[in-house]
Visitor: 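Dropping a structure here in structure tokens format, bear with me for questions.
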Amino acid sequence: MHDTTALLVELGSVILGLGIIGRFAGRIGLSPIPLYLLAGLAFGEGGLLPLGASEEFTAIGAEIGVILLLLLLGLEYSASELVTSLKTQYPSGAVDFVLNATPGAAAGLMLGWGPVGAVALAGVTWISSSGVIAKVMTDMGRLGNRETPVILGVLVIEDLAMAVYLPLLTAMLAGVGLAGGSVALLIALGTVGFVLYLALRHGRLISRAVSSDNPEMLLLVVLGLTVLVAGVAQQLQVSAAVGAFLVGIALSGEVAEGARKLLTPLRDLFAAVFFVFFGLSTDPADIPPVLLPAALLAIVTVFTKIGTGWYAARRAGIGPRGRWRAGGTLVARGEFSIVIAGLAVATEPRIGPIATAYVLILVIAGPLTARWTEPVASKLQAALADRRKKPAEAAEAIPSPAADGPMPSHDDLTPEHAGRDSD
């Protein structure tokens, strides 16, 4: 009974605190995500007041938060839109991999972690946080923007790439041979392909089977199906987030609209729990020793992610402002980076603190870059244009001899002119 009481007190305090933080963030026009993370950091392991009774519940709630974030993101788009995005965005996915995995791999080798550590850190710096980005786009009202399908295309390619990357990394960490790694990879790819096939070919049938006029039944069926698919995907070495996203893609029409309305409040609650849990699971004492290398790596990969989004949006014919918004939105890292670091920490313990510091920096910077990259870039471009314009205007202002007519001939000179000419 005592444990239950402590759980209720801690959980109620956390949820109430999240509500107060969210209202404060709304008042100052800031996304609440950085404040959620800092609150978790303050009250987690090694913080001011550790919350032990609700730790297990919070961990489960965090998993549900990521699943709901990706489910609601998938409900925004149909399977055909997903396929079109993948077909058009795969070059952007390749650029994303080269620009953002390379700094992590180089840093891992420079730190002396060897090939396995370098591959793990490359994954940490490569993958953007679908959960954070989905929350940021929702908070900022950008789901209807022209650049949003481009952002989602990059995120989906990254998430699907995890179906290849995670089995390979797991095999490398375990020292499994080529045969064992290949089997895990084939299982993962087969799972993703099967779910995509169902979404594309039988999405309407799935929607009909799920559909219900009773909101309670619709909520239970959609939520249960999503959690089930996410769990099966996780068991088969495919990300639970990918499974939830594909469920959202498979549902369409009135079912998708009704599910979106019912699940949005749940998503907001559990998404906040996810961000708090991320902070709760981090010991603040581990951050200072690795803050400098993590900050340098974060600065480099902020610019590489902005470059990725700018390139992807440019390929899609988006204007300059949308390109900068796309780049700034992709900066945040989060759940996948932590999963990768958690897998690698047994083999390379030093990756844990630096990955945590890196993700904390970018998960706080991500909402800020999403908001400010485009305005700052626009002001800089305007300032450069003005600077180029001033010399041109000054050159035009200098009168040339031909500007006032032809030079007078010697015969046209008056005695006054002639005298001056001779002087």
Side-chain angles (χ1 to χ4, degrees), residues 60-61 63-89 130-131 133-135 137-138 141-145 148-153 155-160 162-163 187-271:
I60 297 172
E63 290 286 341
I64 295 173
V66 175
I67 289 169
L68 289 176
L69 280 167
L70 272 294
L71 169 64
L72 269 292
L73 199 61
L75 288 172
E76 296 287 338
Y77 297 93
S78 66
S80 60
E81 289 172 332
L82 171 64
V83 172
T84 301
S85 178
L86 291 175
K87 287 181 179 178
T88 57
Q89 291 297 327
S130 300
I133 291 170
K135 177 65 173 171
M137 289 194 298
T138 301
R142 290 185 178 177
L143 291 179
N145 284 18
T148 297
V150 173
I151 296 170
L152 294 180
L155 292 177
V156 169
I157 290 172
E158 287 182 351
D159 288 347
L160 293 178
M162 286 294 94
I187 291 174
L189 291 177
T191 303
V192 173
F194 177 70
V195 176
L196 278 175
Y197 171 79
L198 290 178
L200 287 169
R201 298 295 183 183
H202 305 291
R204 292 184 179 179
L205 294 177
I206 296 172
S207 296
R208 288 179 187 173
V210 171
S211 178
S212 174
D213 293 332
N214 187 326
E216 180 183 353
M217 296 301 105
L218 180 61
L219 172 64
L220 293 174
V221 171
V222 172
L223 183 59
L225 176 64
T226 303
V227 175
L228 175 63
V229 171
V232 173
Q234 189 91 335
Q235 185 68 28
L236 295 174
Q237 303 298 321
V238 182
S239 165
V242 173
F245 182 82
L246 293 175
V247 170
I249 290 292
L251 302 178
S252 60
E254 294 181 1
V255 174
E257 183 64 27
R260 193 158 48 240
K261 291 179 180 178
L262 292 170
L263 289 167
T264 295
L266 278 178
R267 176 203 61 190
D268 294 340
L269 170 61
F270 285 104

Visitor: For residues Glu216 and Leu262, determine if any side-chain heavy atom of one lies less than 4.5 Å from a side-chain heavy atom of the other.
Guide: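 Of all side-chain heavy-atom pairs linking Leu262 with Glu216, none is under 4.5 Å.
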Visitor: From Arg267 CZ over to Leu75 CG, what is the distance, rounded to the nearest 0.5 angstrom?
Guide: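 The CG atom of Leu75 is 10.0 Å from CZ of Arg267, to the nearest 0.5 Å.
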Visitor: Output the distance between atom OG1 (Thr148) and atom CG (Leu155), rounded to the nearest 0.5 Å.
Guide: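 Thr148 OG1 to Leu155 CG: 10.5 Å, rounded to 0.5 Å.
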Visitor: Please tell me if the side chains of Val156 and Gln89 come closer than 4.5 Å, counting only heavy atoms from C-beta onward.
Guide: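 Heavy-atom side-chain distance check fails, nothing below 4.5 Å.
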Visitor: Decide if atom CG of Asp213 counts as having more than 12 heavy atoms of other residues, nucleotides or ligands within a radius under 6.0 Å.
Guide: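 No - once you tally the heavy atoms of other residues, nucleotides and ligands closer than 6.0 Å, there are 12 at most.
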Visitor: Is Thr138 reaching over with its side chain to a backbone N or O of Ala134, donor-acceptor style, under 3.5 angstrom?
Guide: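 Side chain of Thr138 to backbone of Ala134, a donor-acceptor pair under 3.5 Å: yes, one is there.
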Visitor: Between Leu219 and Leu266, is any pair of side-chain heavy atoms under 4.5 Å apart?
Guide: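 Heavy-atom side-chain distance check passes, below 4.5 Å.
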Visitor: Applying side-chain contact (heavy atoms from CB on, under 4.5 Å) to Thr226 and Leu263, what does each step give before you reach the verdict?
Guide: CA-CA 12 Å; Thr226 303; Leu263 289 167; 5.9 Å; no
Visitor: Working to the nearest 0.5 angstrom, can you tell me the gap between Leu72 CG and Thr264 OG1?
Guide: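 Between Leu72 CG and Thr264 OG1, I get 4.5 Å after rounding to 0.5 Å.
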Visitor: Looking at Ser207 and Ala250, what are the two nearest heavy atoms and their distance?
Guide: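 Minimum heavy-atom contact is OG-O, 3.6 Å.
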Visitor: Atom CD1 in Ile67, atom CG in Leu223: separation rounded to 0.5 Å?
Guide: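 CG of Leu223 is found 9.0 Å from CD1 of Ile67.
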Visitor: Flag the pair Leu220 / Met217 as yes when at least one side-chain heavy-atom distance between them is below 4.5 Å, and no otherwise.
Guide: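 They are in contact (side-chain heavy atoms under 4.5 Å apart), so the answer is yes.
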Visitor: Kindly compute the distance separating CG (Leu269) from CG (Leu68), expressed to the nearest 0.5 Å.
Guide: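 The distance works out to 9.0 Å.
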